There are 2 protein chains.
Amino acid sequence: MQIRSFDEGTLCAACPAFEFNVCRGVGQVAKECSLTALPQPSEHTILPRRLICRECDLLEVIPIICHGWAASTVTLSDGRRQILSFLLPGDVVSAVLIFEPVIQCSVEAITEVNYRTFKRTEVKALLFKNPDLFSKLSRVWIEEKARVDQLAVDLGRRAADERIARLILNLSDRLARRSLVRDQMMDFPLRQHHIADATGLTVVHVSKVLSEFRRAGLVEINERSLTISDLTGLRCIANMR
Amino acid sequence: MQIRSFDEGTLCAACPAFEFNVCRGVGQVAKECSLTALPQPSEHTILPRRLICRECDLLEVIPIICHGWAASTVTLSDGRRQILSFLLPGDVVSAVLIFEPVIQCSVEAITEVNYRTFKRTEVKALLFKNPDLFSKLSRVWIEEKARVDQLAVDLGRRAADERIARLILNLSDRLARRSLVRDQMMDFPLRQHHIADATGLTVVHVSKVLSEFRRAGLVEINERSLTISDLTGLRCIANMR
DNA sequence: CGTGAGCTTGACTTGTTTCAACCAACGTGG
DNA sequence: CCACGTTGGTTGAAACAAGTCAAGCTCACG
C-alpha cells in the first residue's frame with residue numbers, strides 16, 4: 001500500500017486547505033474553489049529529517065503539504081523536544097502564517113515531503129475578496145486550535161497508554177478523511193521517537209507501551225504501516241481508564 | 001492592593017481585545033478603535049466558581065472579561081480537569097467564537113467576574129469593514145494559539161517545578177502588561193487546585209512545590225496576593241533545569 | 001566490515017500520585 | 001453561643017508510572 005500521496009477530489013472535500021494545492025491544473029476542482037486567481041504556487045521537495053522551516057524564521061509564504069508527513073516541533077535549549085502536530089497531505093503548515101510572517105515552531109519532514117508555497121500577501125488579499133474562502137480557512141484555523149487544546153489536555157491529564165492510543169486513533173481518523181486508510185490499515189512512517197516527542201514520553205517507554213499494545217492484539221505495526229486490529233479495545237484505552 | 005480591575009487607557013494599548021470593552025462610554029478610546037458602530041454590549045456579573053459558559057454551548061455572543069479572573073477548562077468523563085488558560089481583564093473568552101458559535105471548553109469564574117458580550121454577527125460584520133480591527137483581532141487570535149502551543153510544550157516536556165514557575169511568571173507578565181503588578185507584587189486569586197489543573201499536577205504536589213519555592217525565598221503568597229521575591233531564581237527554574 | 005539509526009528488554013531510580021491524617025478559616029443553622 | 005460541614009492547605013509514608021541506564025539486536029548504508 002503506497003498511498004502516502006493524495007487523492008485530489010476527496011482531499012478537496014475533506015480538507016478545505018487542500019484546495020490551495022489543487023487550484024491549478026485540476027480544472028474541475030479549480031472552478032469549485034474559486035482560487036484560480038492565485039498565481040502558480042512554487043513547489044518544493046525535501047528529504048526526511050530536513051527542516052521545511054525553523055523556529056522564528058520569517059516566512060513571506062504559506063507552505064501546504066502535498067505529499068508525505070511532517071511534524072511541527074518545539075525544541076528546548078537542553079534538547080527536550082515536543083511535537084505539536086503531525087502534518088499530513090493537505091495540511092497548511094500553520095494557519096497562523098496567513099496573518100503573521102514569523103513562525104513559532106520548526107517544521108521537519110518525516111518522510112520525503114513535497115509541498116507548495118503561496119505568497120501570504122496574495123492569499124490575504126484574496127481572502128478579503130472571497131468570503132467563502134475566508135470561512136473555509138477559518139475552519140482550518142479553528143480545527144488547528146482545537147487540536148492543540150486537545151493535545152494539552154492529553155499531555156496534562158492522560159497516562160502514557162491513553163496518549164499513545166489517542167495519537168494512533170487521531171492519525172487514523174485524519175488519514176481516513178483523506179481516504180488513506182483501507183481495512184484499518186494505513187501508511188505509518190513515524191519512528192518511535194516521533195511518537196515519544198508527540199506524547200511527551202521517552203522512546204523507551206513508547207517501545208514498552210507499543211509492545212504491550214501488540215501483545216494485547218490491539219495493533220500491528222510493520223514495514224512503515226500500521227493496522228488497528230481491535231478498534232474497540234483501542235478506543236476503550238483511549239477514552240477512559 | 002485591590003487592582004483586580006482594569007485601567008482602561010493602559011489596557012487598551014496592551015491588549016487589543018480590550019478595546020471592545022471600552023468602545024462605549026470612553027470617548028477618546030472609542031474614536032481610536034472605531035468600534036462605535038457596535039451597539040452597547042450587554043453586561044454580566046457572576047460569582048466565583050460559577051460557569052460563564054459550558055463545553056459545547058452554542059454562543060451567539062462573544063464574552064470579554066472586564067473584571068476578575070476566569071479559567072477555560074476541559075473536564076474528562078472521569079473528572080480529570082485541565083485548565084487551558086486563565087482569562088484576565090481584557091481577554092476575549094475565546095477568539096474562536098468570532099467565527100464559530102460552539103465553544104469547546106467551559107469557562108469558569110475564579111473570582112467574581114464581570115464581563116460584557118457582543119453579538120457575533122455584529123462583530124463579524126464590522127470585522128470585514130474595518131481592516132485595522134481585523135488585524136488587531138487576528139493578533140489576539142495568534143497570541144491565544146501561541147499560548148496553548150507553549151502550554152503543550154510545558155505539559156509534555158517540563159518537570160513540576162518548571163511548570164509552576166513558568167505559570168507564575170507568565171501570569172506576572174500578563175498582569176504587568178495591564179499595570180496590575182507593583183514591586184513584583186500582584187493580586188493572585190488562584191487556589192492551589194487551579195494551579196494543579198493548569199499544570200497537570202495534583203493539588204498535593206503543587207502544595208509541596210510551592211512550599212519549596214517559599215522555603216527557597218523565591219515567592220511569597222498570602223491573602224490572595226503573590227510577590228516574586230527572587231525573580232532571577234524563579235526565571236532560572238522556569239527556563240532550564 | 002564498521003557505523004549509526006532504530007527497536008527491545010531488564011534492572012534500577014526518581015518524580016509524582018495516592019492515601020491519610022490533621023489544621024485553619026469560614027459560614028450556617030440550631 | 002456552639003456544633004457542624006465545607007473549602008483550602010500541609011505533611012508524611014507508601015505505591016506506582018515513567019524515566020534512566022545499559023546491553024544486545026537488526027537493518028541499511030557506504
Side-chain angles (χ1 to χ4, degrees), chain A residues 47-50 69 71 76 78-83 108-112 154-165 167 188-216 219-226 237 241, chain B residues 47-50 69 71 76 78-83 108-112 154-165 167 188-216 219-226 237 241:
Chain A
L47 294 174
R49 322 182 99 256
R50 294 284 166 76
W69 291 36
L76 304 184
D78 60 0
R80 288 175 290 184
R81 247 169 65 111
Q82 178 67 44
I83 291 182
E108 186 182 313
I110 294 171
T111 63
E112 180 172 294
D154 290 354
L155 295 176
R157 289 304 183 195
R158 293 188 193 266
D161 50 352
E162 290 180 89
R163 295 188 208 171
I164 295 178
L167 175 63
F188 197 79
L190 299 188
R191 299 288 156 171
Q192 293 193 349
H193 75 257
H194 292 119
I195 302 183
D197 287 341
T199 53
L201 302 166
T202 57
V203 201
V204 177
H205 199 58
V206 168
S207 167
K208 285 170 183 167
V209 174
L210 279 183
S211 302
E212 199 44 62
F213 281 6
R214 254 185 262 112
R215 222 167 296 136
V219 297
E220 283 169 55
I221 307 182
N222 32 37
E223 291 304 319
R224 310 281 79 88
S225 91
L226 182 148
I237 289 180
R241 234 331 260 319
Chain B
L47 294 175
R49 323 182 100 257
R50 295 283 166 76
W69 291 36
L76 304 184
D78 59 0
R80 288 175 291 183
R81 248 169 65 112
Q82 178 67 44
I83 290 182
E108 186 181 313
I110 293 172
T111 63
E112 181 172 294
D154 290 354
L155 294 176
R157 288 304 182 197
R158 295 189 192 266
D161 50 353
E162 291 180 89
R163 295 188 209 171
I164 295 178
L167 175 63
F188 197 79
L190 299 188
R191 301 288 157 171
Q192 294 193 348
H193 76 257
H194 293 119
I195 302 183
D197 287 341
T199 53
L201 302 166
T202 56
V203 201
V204 177
H205 199 57
V206 167
S207 168
K208 285 169 184 167
V209 174
L210 278 183
S211 303
E212 199 45 61
F213 281 6
R214 254 184 263 113
R215 222 167 297 138
V219 297
E220 283 169 53
I221 308 181
N222 32 35
E223 292 304 318
R224 309 282 79 88
S225 91
L226 182 148
I237 289 181
R241 245 310 274 317

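All of these numbers come straight from a predicted model, not from anything done at the bench. Note on naming: letters A, B, ... go to the chains in the order of the sequence lines (proteins, then strands), and numbering restarts at 1 for each one.
To the nearest 0.5 Å, atoms CD1 (A/Ile164) and CZ (A/Arg158) are separated by 13.5 Å. Taking CD1 of A/Ile83 as the start and CZ of B/Arg157 as the end, the distance is 9.0 Å to the nearest 0.5 Å.
Nucleotide C/dA24 holds its C1' atom 12 Å from the CD atom of B/Glu223, rounded to whole Å. We find that CZ of B/Arg214 is positioned 9 Å from C1' of D/dT10, with the value rounded to whole Å. Here D/dG9 presents its P atom at 10 Å from CZ of B/Phe188, a figure rounded to the nearest Å. Rounded to whole Å, atom P of D/dT7 lies 19 Å from atom CD1 of B/Ile195. One can place CD of B/Glu212 at 14 Å from C1' of D/dT10, the figure rounded to the nearest angstrom. Rounded to whole Å, the distance from CZ on B/Arg215 to P on D/dT11 is 6 Å. Rounded to whole angstrom, the span from the CZ atom of B/Arg80 across to the C1' atom of C/dT17 amounts to 13 Å. Protein atom NE2 of A/His193 is 17 Å distant from nucleotide atom P of C/dG4, rounded to whole Å.
B/Ser207 has a side-chain polar atom (N or O) that falls below the 4.0 Å cut-off from OP1 or OP2 of D/dT10. At the phosphate of D/dT7, neither OP1 nor OP2 sits under 4.0 Å from any side-chain N or O atom of B/Gln192.
Across all strands, B/Leu201 comes closer than 4.0 Å only to sugar-phosphate atoms, never to a base (heavy-atom distances).
When each of C/dT9, C/dA20, D/dA18 is scored by its nearest atom to the side-chain atoms of A/Val204, the top-ranked nucleotide is C/dT9. Considering only side-chain atoms of A/Lys208, the nucleotide from C/dT17, C/dC7, C/dT9 that sits closest is C/dT9. The side chain of A/Thr202 has D/dT20 as its nearest neighbour among C/dC7, D/dT20, C/dT17. Nearest nucleotide to the A/Arg224 side chain, out of C/dC7, D/dA18, D/dT10: C/dC7. Side chain of B/His205, nearest nucleotide from C/dT8, D/dA18, C/dT16: C/dT16. For B/Ser211, taking side-chain heavy atoms from C-beta onward, the closest of the listed nucleotides D/dG8, C/dT16, D/dT10 is D/dT10. Minimum atom distance to the side chain of A/Arg49 is reached by C/dA5, of the listed C/dT8, C/dT16, C/dA5.
Other residues, nucleotides and ligands place no more than 12 heavy atoms under 6.0 Å from the CZ atom of B/Arg50.
A pairwise comparison of heavy atoms in A/Ile110 and A/Pro48 identifies O-CB, 3.3 Å as the closest pair.
The side chain to side chain donor-acceptor pair (under 3.5 Å) test with A/Glu108 is passed by exactly one of A/His194, A/Arg81, A/Arg49: A/Arg81.
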